[in-house]
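Below, read A as the first sequence line, B as the second, and so on, with proteins coming before strands; counting in each chain starts at 1.
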Amino acid sequence: AQTVTQSQPEMSVQEAETVTLSCTYDTSESDYYLFWYKQPPSRQMILVIRQEAYKQQNATENRFSVNFQKAAKSFSLKISDSQLGDAAMYFCAYRSRGSQGNLIFGKGTKLSVKP
Amino acid sequence: EADIYQTPRYLVIGTGKKITLECSQTMGHDKMYWYQQDPGMELHLIHYSYGVNSTEKGDLSSESTVSRIRTEHFPLTLESARPSHTSQYLCASRLGGGETQYFGPGTRLLVL
C-alpha cells in the first residue's frame, strides 16, 4: 500500500524568506500524481500545486515550486518570498493515475510566517 | 474556486440527536468523498462514492452513513450523535480521471 510521510509537523519562516516543506512517499507504481494542498486556519482546503510522475520537469505555480525526485520518492514544496497569507497547514498527497484510486494524505505540516 | 458546498458550516447538537450533513457540487463530478479531521490534524477518509448508488467505507471506521441518489448530492448522516463525533467533516469531489480533487468549506460539529 502507498504511504505518504511528512516529517516536519511544524515549520516557521520569516516573511519574504524561502521555506521548503518535505514529503516522501512509498509506492511500487510508476505512474501517479502528487499534490500539495493548503488549509488556512478555519478556511477551505485548496490545491497549491500538482505534479505528474511521468513529467520530469518540476511543477511551478508563481511563488510555489516543487522538487520532485522520482527515484528517491521525494516531493518537497518550496515557497519563495513567504507572505503572511501563506500561514496554513500543508498536506502532501498521492494518487494513482487510474480513474479509480483515492488520495492518500500525509499528516501535514503547520507553517507559521513571522512578520 | 470550486463549486462544492457544505451545510451547515457549524452545528452544535445534543447527544442522541440525528443529524445530516449536506454536501453538493455543481461540477458534474462523479466521485465524492467525506473526510473527518480534528483541528490541525490529518485527514481521515470515512466514505466515498464513485457514482450514483455507489458508496464505500473509507479507511477510518465511522458510525455515519452516506447515500448517493443524485450525482451532485452526497449527504452524511449520524443516527445518534455522540461527543466522540465532535470533529470537522470535509466533503470533496473529483471528476473521474481528472487530476484535482476539490474540497468544500467543511462542517464543524460539536456534540454536547
Side-chain angles (χ1 to χ4, degrees), chain A residues 1-11 23 25 31-55 59 61 64 66 68 75 87-112, chain B residues 1-10 23 25 27-51 54-60 66 74 87-110:
Chain A
Q2 295 87 3
T3 59
V4 176
T5 302
Q6 292 180 250
S7 59
Q8 305 153 317
E10 296 188 20
M11 291 282 285
C23 174
Y25 58 96
D31 204 5
Y32 46 86
Y33 298 109
L34 294 164
F35 306 85
W36 278 99
Y37 280 89
K38 171 185 177 182
Q39 187 180 37
S42 301
R43 292 182 62 189
Q44 198 158 346
M45 180 98 74
I46 59 172
L47 178 70
V48 175
I49 200 165
R50 63 173 176 254
Q51 175 81 40
E52 294 159 317
Y54 69 88
K55 291 185 177 179
E61 288 287 343
F64 298 88
V66 297
F68 173 48
F75 183 60
M89 283 289 290
Y90 286 82
F91 292 95
C92 179
Y94 168 102
R95 186 170 72 79
S96 300
R97 185 170 177 84
S99 62
Q100 308 294 51
N102 301 324
L103 277 177
I104 299 168
F105 285 93
K107 293 188 176 184
T109 296
K110 182 179 180 180
L111 178 65
S112 302
Chain B
E1 287 227 346
D3 296 325
I4 180 165
Y5 309 99
Q6 291 186 242
T7 57
R9 294 291 310 278
Y10 304 92
C23 176
Q25 49 92 9
M27 298 173 284
H29 289 175
D30 52 342
K31 293 176 173 56
M32 296 190 73
Y33 305 84
W34 276 104
Y35 295 87
Q36 184 175 342
Q37 182 191 31
D38 291 330
M41 302 296 285
E42 61 190 297
L43 287 84
H44 296 285
L45 180 66
I46 52 175
H47 297 284
Y48 61 97
S49 167
Y50 286 167
S54 157
T55 62
E56 301 286 346
K57 290 188 180 295
D59 306 320
L60 180 69
V66 293
F74 190 40
S87 190
Q88 175 169 243
Y89 294 83
L90 298 177
C91 182
S93 72
R94 175 171 73 86
L95 187 63
E99 298 173 10
T100 301
Q101 184 165 303
Y102 296 93
F103 285 83
T107 294
R108 290 184 183 270
L109 173 65
L110 173 61

Under 4.5 Å to a heavy atom of chain A? For B/Q88 that would be side chain
When rounded to the nearest 0.5 Å, the distance separating CD of B/Q101 from CZ of A/R95 is 8.0 Å
OG1 (B/T100) and CZ (A/F35) are apart, to the nearest 0.5 Å, by 5.5 Å
(request) For the residue pair B/P105 and A/R43, establish whether any side-chain heavy-atom pair is separated by less than 4.5 Å. (result) no
Exactly one candidate in B/F103, B/Y35, B/Y102 meets ring pair (Phe, Tyr, Trp, His ring centres under 6.0 Å) with A/Y37; the answer is B/F103
In terms of heavy-atom pairs under 4.5 Å with chain B, the winner among A/K110, A/M89, A/E52 is A/E52
When the 4.5 angstrom heavy-atom criterion is applied to B/Q37 and chain A, the contacting part is side chain
Between the CD1 atom in A/I104 and the CG atom in B/L45, the distance rounded to the nearest 0.5 Å is 10.0 Å
Output for pair (A/Q44 CD, B/L90 CG), nearest 0.5 Å, gives 9.0 Å
Here the pair of heavy atoms bringing B/E42 nearest to A/G106 is CB-O, 4.4 Å
Counting C-beta onward and ignoring hydrogens, is there a side-chain heavy-atom pair between A/M45 and B/L43 closer than 4.5 Å? yes
Item to complete: For residues A/K107 and B/M41, determine if any side-chain heavy atom of one lies less than 4.5 Å from a side-chain heavy atom of the other.
Response: no
Distance col, row A/L103:CG vs B/K31:NZ, nearest 0.5 angstrom, shows 12.0 Å
